[in-house]
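What follows is a set of notes on a single structure, which appears directly below.
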Amino acid sequence: MSPRTPAAVGRVLACVLALSALPAFGFGFEDVAKRAQDLAAQPYQKPDNALPKELSDLGYDQVRDIRFKPEKALWRNRKLPFEVQFFHPGGRYTVPVKINVVGASGSQPVPFNPADFDYGNNKQLDPTKFKDVGFAGFRVHANVNSPSYKDEVVAFKDASYFRGLGKDQRYGMSARGLGVDTAQLSGEEFPYFTEFWLAWPSAKDDHLVIYALLDSRRVTGAYRFELKPGTSTLMSVDARIFPREKIDKIGIAPLTSMFFFGENQRSQVEDYRPEVHDSDGLQVHTGADEWIWRPLSNPRRLLVTSFSTTSPKGFGLMQRDPAFSSYEDLEARYDIRPSAWVTPKGDWGAGRVELVQIPSPDETNDNIVAYWVSDKAVEPGKALDFAYTIAWQKQEQTLPPTSYVTQSRRGHGWIKEQDNTIQMMVDFAGPALKGLDKDAKVFPGLWLSDNGELLERQVFPNEVSGGWRLSFRFRRIDPEKPVEMRAFLRRDQEAISETWSYILPP
């Protein structure tokens, strides 16, 4: 059979677009799960990523210059709430993914057509040679910021990574389908979403259903994503994974972000920006109803910590600081990058929220990872089901109901004689503190690990913010070891704030 011409490919895509606009039926999660189960029973087949050399040799900016033509978007001009555009493979994006559309007539593949792309300044490329190279991923567009324009609200690209956006947000941190042996000495395994199915929406739908097939050397999986754009864009995730063999650690609902420097860790190089990060802390809501805030850091060596709990109520990598003046970056706009909050569905049982912080010499690396690890062992050949939602939020941040940390500042502070002490300033704000008289009896609960010697502490109103500030000074005993700290505010023996949990790295 001779290769299809671009015109023929276009006719096939036109057939796909001509499918009935009724909601999908006859295909669903169980169909994908059956494929994943069958795949897990077979030896792993490494994906064929033999791209034409002129594509694999492209640099980062050259790949970015290849853009999908908006007028070619899936469901364009069909008066549907969603449109889909596709990513071209090239450079580091060498693993092709299959993309299908599911409608009343069944599942149909979306064929690759180079005529759907604008290759920009890549004049050296001959697009007519790129037949059936596949897609690198896709992005979904919907009306979020304006009723007259469909903004990008989610993108799936590279391994099992995906990112979401709500109203007035700009891409920052990412989520992943699964973490496999993250931060293990044996090395991390990165599963890939190898195939997607997009369920045709109706004109009245406020959500889009996406199915995905996951595969790697030691695990396969089936995923159902229900995307609901809005001020906070919600992604409901249902997953079933099938381990092929023993896996030491499965990370569920992994989140990936970047922290270069911030208020608690100043830049080691001269930089006009006060802070550079996509997220400034890990927030955890435990099964015991405790709220914990762990400010992020850029350590000198790998730092892995965790919070044990049973039946967690939520966790997320958050960008709490919304002030442009904290970043002063008109290009990156870290002030409008979203937080991602994970809410488990059902009872996840006993386990831990694990936080991995990796040294990074600049802001181009995602050096922060957070995920859930169950105490229950993963057994080869036995399916594991889990479900959760991710909220990509900014205006509607998930926060503790009492009070919460707004900033953590670390430094030497003013003293008459220089010494090796360190001063911490932790600001709290929130409903439990609002309107308190300056003479209210608010006390700090403060604990330092054995490597820290507490020298002084006090808590007092912050007359500028309307909250309260905890200030304390301590000395680190062994500079080669970390110091762990925990603090909260209380009044009449009742906690009126979340727990601030901080580690000063070696």
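Values below: all heavy atoms of this structure, side chains included; hydrogens, waters and symmetry mates excluded.
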Within the 4.5 Å heavy-atom criterion, are L296 and F260 side-chain neighbours or not?
no
Sub-4.5 Å side-chain heavy-atom contact between T233 and V154:
no
Has the side chain of S497 got a donor or acceptor atom that lies under 3.5 Å from a matching backbone atom of L489?
yes
Could you report the tightest heavy-atom contact between S471 and Q423, atom names first, then the distance?
OG-NE2, 3.2 Å
More than 12 non-hydrogen atoms from neighbouring residues, nucleotides or ligands closer than 6.0 Å to OH on Y60, yes or no?
no
For residues R294 and T305, is any side-chain donor paired with an opposing acceptor at under 3.5 Å?
yes
Indicate whether the side chain of E152 and that of Y171 have a donor and an acceptor atom separated by less than 3.5 Å.
yes
Heavy-atom nearest pair, G287 first then T309, reads N-OG1, 2.9 Å
If you take all heavy atoms of G166 and V144, which pair is closest and at what distance?
C-CG1, 3.8 Å
Neighbour count above 12 (heavy atom, 6.0 Å) for Y272 OH
yes
For the student: nearest non-hydrogen atoms of P322 and D335, plus distance:
O-CB, 3.7 Å
May I have all residue pairs that pass salt bridge (Lys or Arg N to Asp or Glu O under 4.0 Å) and include part of residues 163-192, sequence neighbours excluded?
R176-E188, D181-R218, E189-R217, E189-R218
If you count the non-hydrogen atoms of other residues, nucleotides and ligands that lie under 6.0 Å from CZ in R266, is the total more than 12?
no
How long is the span from the CG atom in L227 to the CG atom in D205, to the nearest 0.5 Å?
11.5 Å
Taken to the nearest 0.5 Å, the spacing of D366 CG from D278 CG works out to 7.0 Å
Does the side chain of L58 reach to within under 4.5 Å of the side chain of V63, using non-hydrogen atoms?
yes
Check for a donor-acceptor pair, side chain of D158 on one end and backbone N or O of Y161 on the other, with a separation under 3.5 Å.
no
Residue among H207, K345, K228, R224 satisfying side chain to side chain donor-acceptor pair (under 3.5 Å) with S236
K345
Give me the one residue out of F68, F135, F117, Y93 that meets ring pair (Phe, Tyr, Trp, His ring centres under 6.0 Å) with H88.
F117
Does the pair Y404 and W293 meet the rule for a side chain to side chain contact (heavy atoms under 4.5 Å, CB included), with working shown?
CA-CA 8 Å; Y404 43 87; W293 176 251; over 6 Å; no
Checking salt bridge (Lys or Arg N to Asp or Glu O under 4.0 Å) between R273 and each of E263, E363, E331, E328, which is the one that passes?
E363
Could you tell me whether a side-chain N or O of Q393 sits under 3.5 Å from a main-chain N or O of T398, the two making a donor and an acceptor?
yes
Would you call R320 and E498 a salt bridge, taking side-chain N to carboxylate O under 4.0 Å as the test?
yes
Closer than 3.5 angstrom, by distance alone: can the side chain of K249 be matched with the main-chain N or O of T182 as a donor-acceptor pair?
yes
For a quick check under 3.5 Å, do N367 and S360 share a side-chain donor-acceptor pair by atom type?
no
Side chain to side chain contact (heavy atoms under 4.5 Å, CB included) between V97 and F156: does it pass, once the steps are laid out?
CA-CA 10 Å; V97 297; F156 286 83; over 6 Å; no
Here's a test for you: under ring pair (Phe, Tyr, Trp, His ring centres under 6.0 Å), which of Y327, Y334, F261 qualifies with H277?
Y327
N-O pairing of D289 and K313 below 4.0 Å
yes
Quick check: do I422 and L504 have side-chain heavy atoms less than 4.5 Å from each other?
yes
Does the side chain of S232 come under 3.5 Å of the side chain of E396 through a donor N or O and an acceptor N or O?
yes
Using only heavy-atom distances, determine whether the side chains of R475 and N420 contain a donor-acceptor pair under 3.5 Å.
yes
Is the side chain of N451 donor-acceptor paired with the backbone N or O of D478 at a distance under 3.5 Å, no angle test?
yes
Counting only heavy atoms from other residues, nucleotides and ligands, does the tally under 6.0 Å from CG of D450 exceed 12?
no
Side chain to side chain contact (heavy atoms under 4.5 Å, CB included) test vs S257 passes for just one of S174, S339, S279, namely S279
State whether a side-chain donor-acceptor pair under 3.5 Å links D321 with S326.
yes
Measure from the side-chain N and O atoms of Y371 to the backbone N and O of G179, and report whether any donor-acceptor pair falls under 3.5 Å.
no
Quick check against the 3.5 Å criterion: does D492 have a side-chain atom that pairs as donor or acceptor with the backbone of E494?
no
Any heavy-atom pair between the side chains of I252 and I250 that's under 4.5 Å?
yes
Are any of the side-chain heavy atoms of P506 and P482 separated by less than 4.5 Å?
yes
Provide the closest heavy-atom pair for G137 versus I99 in the form atom of the first, atom of the second, distance.
O-CD1, 4.0 Å
Expected output: side-chain D65 to main-chain N121 donor-acceptor under 3.5 Å
yes
Side-chain contact test, heavy atoms from C-beta onward, threshold under 4.5 Å: evaluate it for W291 versus P401 and give yes or no.
yes
If you measure from CD on Q407 to CD on E275, what distance do you get to the nearest 0.5 Å?
8.5 Å
Would you please test V442 and I496 for side chain to side chain contact (heavy atoms under 4.5 Å, CB included) and show each step?
CA-CA 9 Å; V442 176; I496 57 171; 4.3 Å; yes
With side chain to side chain contact (heavy atoms under 4.5 Å, CB included) as the test, would you mind laying out the steps for F315 and L255 before giving the verdict?
CA-CA 10 Å; F315 70 92; L255 305 174; 4.3 Å; yes
Quick one: CD1 on I503 to OG on S297, what's the gap to the nearest 0.5 Å?
8.0 Å
Which value, rounded to the nearest 0.5 Å, describes the distance between L436 atom CG and S403 atom OG?
9.0 Å
Between CG of D118 and CD1 of I66, what distance do you get to the nearest 0.5 Å?
9.5 Å
Between F138, Y211, F86, which is the residue that forms a ring pair (Phe, Tyr, Trp, His ring centres under 6.0 Å) with F196?
F138
Side chain Q397, main chain Q319, donor-acceptor under 3.5 Å:
yes
Specify whether F162 and F193 have parallel, tilted or perpendicular ring planes, treating 30° as the upper limit for parallel and 60° as the lower limit for perpendicular.
tilted
Contact check, side chains of V276 and F259, non-hydrogen atoms, under 4.5 Å
no
Which residues pass the side chain to side chain donor-acceptor pair (under 3.5 Å) test with E290, sequence neighbours left out?
R486, T499
Using a 6.0 Å cut-off, check whether atom NZ of K376 has over 12 heavy atoms from anything other than its own residue.
no
Is the backbone N or O of H412 less than 3.5 Å from a side-chain atom of R473, with the two atoms forming a donor-acceptor pair by type?
yes
Output all residues satisfying salt bridge (Lys or Arg N to Asp or Glu O under 4.0 Å) with D385, sequence neighbours left out; order by chain, then residue number.
R240
